[in-house]
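One structure is given below, encoded as structure tokens.
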Amino acid sequence: MENGNARIRVPKTSELVADQIRAQIVRGELNEGDSLPPEGTLMATLGISRPTLREAFRILEAENLISVVRGSRSGARVHRPSTELVSRYAGYVLEAQGTTIADLYAARLAIEPTVVRWLATAKGQTPDFARLKQVLADLEEMLKTESYAEFVDNVSIFHQTLVEATGNKTLSFMNRMLLDLGRHHQNDYQRRHPRTTEDKYKSLRAGHKSFEKLVTMIEDGDVEGAVAHWRLHLRNANETWGARGEAERIVDSLHG
């Protein structure tokens with residue numbers, strides 16, 4: 001039976017005000033950098049007190065949806081919801097749950113071959129595919145200039161652009177979170193397991209050739225070939241970054 005004495009929580013006025021402003025931001029009625037009306041105007045329009053308005057502002061500030069300059073009467077500045085912020089917080093959750101590097105890379109292996117299948121079926125004729133080729137060219141330039149640390153740091157951009165080329169926002173969002181954690185692990189791994197310059201070049205050059213092969217197979221519409229190639233690439237990469245007991249390490253969302 002339901003507890004007849006259970007109380008229904010009534011939202012505070014400040015929460016209702018925050019809800020109203022939040023809805024305007026999320027729906028795009030307020031854009032990045034817009035200023036909210038001055039406090040006096042909002043108080044008069046909404047029929048609320050200054051303490052109530054400032055409590056609503058504190059709620060929205062905690063969500064990084066506005067920023068308030070203390071002592072200013074010019075109002076608060078609007079910020080659109082941040083993918084980076086939510087991704088970072090999701091990383092905290094994964095670390096708190098004891099998520100391992102092996103788990104992280106297994107998730108990537110589940111996502112990217114499916115993405116490659118979609119792109120190869122379309123023969124790369126998607127709005128953002130050209131950007132993937134530009135990222136590939138940028139990586140090649142990093143190899144030529146021996147910017148190996150920068151190359152490794154930007155490999156995640158290739159993977160993210162690959163997923164974004166599908167136009168699927170949900171997958172792109174999920175993938176960004178995984179790549180951020182994976183990129184930090186890879187950079188940290190290299191610091192703890194240094195290699196000679198020659199070894200770095202050979203490894204990174206081989207990775208770049210694999211990227212080039214993938215792009216070519218996608219453009220040729222070689223669906224099964226592209227999927228098989230990328231699945232093998234990811235498995236080899238997972239074995240590399242998960243070697244020497246790394247697979248059992250807990251993901252590091254704090255990067256410290």
Side-chain angles (χ1 to χ4, degrees), residues 87 91 94-95 97-122 124 129 132-133 135-136 139-140 142-143 148-149 151-166 168 170-195 199-253:
S87 177
L94 289 176
E95 182 172 358
Q97 292 177 341
T99 303
T100 64
I101 294 299
D103 190 283
L104 186 72
Y105 284 124
R108 190 173 76 167
L109 185 58
I111 292 174
E112 291 191 26
T114 298
V115 163
V116 167
R117 180 176 296 279
W118 293 351
L119 295 175
T121 299
F129 192 76
L132 182 68
K133 298 176 74 173
V135 172
L136 187 63
L139 288 171
E140 183 171 22
M142 292 172 198
L143 278 181
Y148 302 142
F151 182 102
V152 172
D153 204 41
N154 279 268
V155 163
S156 63
I157 296 178
F158 180 86
H159 287 275
Q160 181 62 18
T161 306
L162 178 72
V163 177
E164 289 177 350
T166 65
N168 189 294
T170 304
L171 273 182
S172 297
F173 177 81
M174 293 170 57
N175 199 57
R176 178 173 295 189
M177 176 189 65
L178 298 176
L179 287 174
D180 184 54
L181 292 170
R183 178 170 58 86
H184 173 69
H185 169 68
Q186 290 167 12
N187 289 336
D188 185 54
Y189 178 94
Q190 291 200 115
R191 285 193 295 270
R192 290 183 286 104
H193 303 288
R195 295 179 295 174
D199 284 344
K200 284 182 183 179
Y201 176 78
K202 287 180 179 179
S203 174
L204 300 182
R205 183 60 187 166
H208 189 267
K209 285 185 176 180
S210 182
F211 296 166
E212 288 181 316
K213 182 176 180 179
L214 174 69
V215 169
T216 298
M217 296 176 88
I218 288 174
E219 290 183 312
D220 289 344
D222 184 356
V223 178
E224 297 306 325
V227 171
H229 168 70
W230 202 238
R231 186 174 286 118
L232 179 61
H233 174 96
L234 291 175
R235 283 176 175 162
N236 288 339
N238 292 359
E239 288 178 4
T240 297
W241 299 117
R244 307 184 189 183
E246 296 289 318
E248 292 75 33
R249 292 174 68 94
I250 303 300
V251 297
D252 179 7
S253 62

Next on the checklist: Closer than 4.0 angstrom, basic N to acidic O: yes or no for Arg249 and Glu246?
Outcome noted: yes
Item to check | Distance in Å, Ile157 CD1 paired with Arg176 CZ, rounded so as to fall on 0.5 Å steps | outcome: 10.0 Å
Checklist entry - Nearest 0.5 Å, what's the CG-CD1 distance between Leu119 and Ile218? => result 5.0 Å
Checklist entry - How close do Val163 and Asn175 get, heavy atom to heavy atom, and via which atoms? => result CG2-ND2, 3.2 Å
Next on the checklist: Go through it in stages, so that I can follow the logic: the residues are His159 and Trp230, the test is ring pair (Phe, Tyr, Trp, His ring centres under 6.0 Å), and I'd like the CA-CA distance, side-chain angles, deciding distance and then a yes or no.
Outcome noted: CA-CA 11 Å; His159 287 275; Trp230 202 238; 5.6 Å; yes
Checklist entry - When Leu104 is tested against each of Ile250, Asn238, Leu178, Leu179 for side-chain contact (heavy atoms from CB on, under 4.5 Å), which residue passes? => result Leu178
Checklist outcome for this item: To the nearest 0.5 Å, atom CD of Glu112 lies from atom CG of Leu234 at 5.0 Å
Checklist entry - Closest heavy-atom contact between Met177 and Ser87? => result CA-OG, 3.0 Å
Checklist outcome for this item: Taken to the nearest 0.5 Å, the spacing of Ser156 OG from Leu181 CG works out to 11.5 Å
Next on the checklist: On a heavy-atom basis, which atom in Glu95 and which in Ser253 lie closest, and how many Å separate them?
Outcome noted: OE1-OG, 2.5 Å
Item to check | Set of residues satisfying side chain to side chain contact (heavy atoms under 4.5 Å, CB included) with respect to Glu219, sequence neighbours excluded | outcome: Phe129, Lys133, Val215
Checklist entry - Once you round to the nearest 0.5 Å, how far does NE2 of His184 lie from OH of Tyr189? => result 15.0 Å
Next on the checklist: Do Thr114 and Leu171 have side chains that approach each other closer than 4.5 Å (heavy atoms only, starting at C-beta)?
Outcome noted: no
Item to check | salt bridge (Lys or Arg N to Asp or Glu O under 4.0 Å) between Arg191 and Asp188, worked out | outcome: CA-CA 5 Å; Arg191 285 193 295 270; Asp188 185 54; 3.4 Å; yes
Checklist entry - Going through the distances and angles, do Lys200 and Phe151 end up as a side-chain contact (heavy atoms from CB on, under 4.5 Å)? => result CA-CA 10 Å; Lys200 284 182 183 179; Phe151 182 102; over 6 Å; no
Checklist entry - Would you find a donor on one side and an acceptor on the other, under 3.5 Å apart, between the side chain of His229 and the backbone of Phe211? => result no
Checklist entry - Between NZ of Lys202 and CG of Leu204, what distance do you get to the nearest 0.5 Å? => result 12.5 Å
Item to check | For Met217 against Ala226, the heavy-atom pair lying closest together | outcome: CE-N, 3.6 Å
Item to check | Distance-minimising heavy-atom pair for Leu162 and Leu214 | outcome: CD1-CD2, 4.0 Å
Checklist entry - Could you go step by step and tell me if Asn187 and Arg183 meet the side-chain contact (heavy atoms from CB on, under 4.5 Å) rule? => result CA-CA 6 Å; Asn187 289 336; Arg183 178 170 58 86; 3.9 Å; yes
Item to check | Nearest heavy-atom neighbours spanning Tyr105 and Gln186 | outcome: OH-NE2, 3.1 Å
Checklist entry - Counting distance only, does the side-chain N/O of Glu248 pair as donor-acceptor with the main-chain N or O of Thr100 below 3.5 Å? => result no
